[in-house]
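Letters go in sequence order (proteins before strands), and every chain restarts at 1. Only this structure's heavy atoms are used, side chains among them; waters, hydrogens and symmetry mates stay out.
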Protein chains: 4
Amino acid sequence: MINKVILVGRLVKDPELKYLEDGKAVTSITLAVNRNFKNQNGDYDTDFLNCTLWKKNAENTANYCRKGSVIGVTGRIQTRSYDNNDGQRVYVTEVIAEGVKFLSTKKEALV
Amino acid sequence: MINKVILVGRLVKDPELKYLEDGKAVTSITLAVNRNFKNQNGDYDTDFLNCTLWKKNAENTANYCRKGSVIGVTGRIQTRSYDNNDGQRVYVTEVIAEGVKFLSTKKEALV
Amino acid sequence: MINKVILVGRLVKDPELKYLEDGKAVTSITLAVNRNFKNQNGDYDTDFLNCTLWKKNAENTANYCRKGSVIGVTGRIQTRSYDNNDGQRVYVTEVIAEGVKFLSTKKEALV
Amino acid sequence: MINKVILVGRLVKDPELKYLEDGKAVTSITLAVNRNFKNQNGDYDTDFLNCTLWKKNAENTANYCRKGSVIGVTGRIQTRSYDNNDGQRVYVTEVIAEGVKFLSTKKEALV
DNA sequence: TTTT
DNA sequence: TTTT
């Protein structure tokens with residue numbers, strides 16, 4: 001089946017790089033993506049989309065991006081669930097990045 | 001900014017059509033989208049993705065699709081949050097459909 | 001930069017598999033993709049989009065698909081140019097497939 | 001069927017705005033999109049992709065963008081053919097923009 | 001938990 | 001709450 005996502009948005013905070021026990025790099029980021037159309041009050045809502053980056057994508061993003069950086073992410077939507085402390089099932093939907101593109105001000109980021 | 005999603009998957013149950021007070025048609029569906037790669041146990045996981053359809057898209061899907069139907073959805077990811085009965089904030093991520101395509105067996109569905 | 005294409009359409013003829021001198025498998029297919037909106041005469045135009053598939057994607061498509069098969073292709077748009085026999089420069093735009101999904105009638109194709 | 005394209009690239013020259021006899025605004029632009037992977041010589045090729053913009057998208061792009069501006073385009077691939085002066089059939093593939101996003105340096109362009 |  |  002097909003599952004493709006393409007996002008361009010801004011980092012809501014500095015990315016934090018972690019390493020799993022097996023040495024794999026991971027970073028979880030949240031992208032603020034402003035909508036292109038106005039709501040009933042006449043202003044633009046924004047969606048806050050969680051993305052998970054792996055390996056080189058994780059390391060590069062942690063190295064080159066900061067809160068406010070504009071980033072393009074291509075990937076897929078993934079769902080998972082877990083039981084929280086209150087014994088309730090929590091459903092999580094996030095974007096798993098397959099590619100990342102740095103689009104911020106600095107010219108070199110745009111190559 | 002950019003926020004695009006393209007999915008092809010199967011309906012996990014019959015779609016239920018509702019009408020809001022203002023007369024607008026809505027349908028919430030869940031698409032089962034099998035992944036194209038195997039997990040560590042050697043089988044294919046599937047993601048269950050909630051999509052919201054509006055107006056003609058909602059009505060047509062309710063009329064022409066059933067549990068198991070293969071559907072293509074194009075749209076965007078949206079986030080929203082609400083407080084549940086226990087006073088906890090719940091975060092919801094769903095796909096808002098802009099286009100829907102019926103891809104099931106019956107030839108006429110594929111036009 | 002970002003360059004993503006997602007198509008679902010029908011094969012206009014049986015795919016022909018070739019092998020390059022280095023042993024790499026290639027298949028060039030044309031997808032007929034019906035538009036979702038009517039032209040001024042009230043009928044649906046269709047776009048005929050050339051796609052190039054490599055390796056396993058090429059071999060599987062040649063093995064499992066025929067004229068009329070419904071196929072999903074994800075990939076990127078590529079441009080190239082060459083000089084034809086009359087010494088004229090010809091510009092070619094085609095889709096390079098990164099993933100292929102068989103969506104035809106037969107149930108097993110849809111896994 | 002499904003036909004979706006998402007591009008982020010740079011304008012290769014200033015956009016030229018035209019108006020058809022019926023008053024509709026059109027702009028044809030070419031986006032230079034650098035590939036994310038190296039060719040056999042170790043450098044990055046770039047694809048030059050023709051896009052056609054209509055109405056407000058055409059006017060805004062002509063007003064706010066210049067050669068070198070970074071632009072996001074979402075839309076579909078379209079094919080058409082015509083006979084050139086030498087009586088030869090020429091096939092054209094281009095991207096018809098449905099949405100445009102200005103991503104250049106100037107902060108305000110990124111809202 | 002939210003960016004310009 | 002999960003489809004083939």
Whole angstrom is fine here: how far is it from [atom1] in [X] over to [atom2] in [N]?
X: B:Tyr44; N: F:dT2; atom1: OH; atom2: P; answer: 23 Å
X: A:Glu94; N: E:dT2; atom1: CD; atom2: C1'; answer: 17 Å
X: A:Met1; N: F:dT3; atom1: CE; atom2: P; answer: 13 Å
X: B:Gln78; N: E:dT2; atom1: CD; atom2: P; answer: 18 Å
X: B:Asp47; N: F:dT3; atom1: CG; atom2: P; answer: 15 Å
X: A:Leu31; N: E:dT4; atom1: CG; atom2: P; answer: 13 Å
X: A:Leu7; N: E:dT3; atom1: CG; atom2: P; answer: 18 Å
X: B:Arg10; N: F:dT3; atom1: CZ; atom2: P; answer: 11 Å

Would you say A:Tyr91 reaches F:dT2's phosphate, i.e. side-chain N/O to OP1/OP2 under 4.0 Å? no
Between [options], which one does the side chain of [X] approach most closely?
X: B:Thr30; options: F:dT3, E:dT3, F:dT2; answer: F:dT2
X: B:Arg89; options: E:dT3, E:dT1, F:dT1; answer: E:dT1
X: A:Asn34; options: E:dT1, F:dT4, E:dT4; answer: E:dT4
X: B:Thr46; options: F:dT3, F:dT2, E:dT3; answer: F:dT3
X: A:Val12; options: F:dT1, F:dT3, E:dT2; answer: E:dT2

Just checking B:Lys67: base, sugar-phosphate only, or nothing, at a heavy-atom cut-off of under 4.0 Å? sugar-phosphate
Taking all atoms of both residues into account, what is the closest heavy-atom pair of B:Gly68 and B:Arg10, and its distance? O-NE, 3.0 Å
Please report the closest heavy-atom contact between D:Leu53 and D:Ala97, naming both atoms and the distance. CD2-CB, 3.1 Å
Applying side-chain hydrogen bond (donor to acceptor under 3.5 Å, both in side chains), name anything that partners A:Asp14, two or more places apart in sequence or on another chain. none
What verdict does the side chain to side chain contact (heavy atoms under 4.5 Å, CB included) test give for D:Thr74 and D:Val5, after you've listed the backbone C-alpha separation in whole Å, the side-chain angles of each residue and the deciding distance to 0.1 Å? CA-CA 6 Å; D:Thr74 59; D:Val5 177; over 6 Å; no
Could you work out, with side-chain contact (heavy atoms from CB on, under 4.5 Å) as the rule, every residue matching D:Val26, not counting sequence neighbours? D:Leu20, D:Thr52, D:Trp54
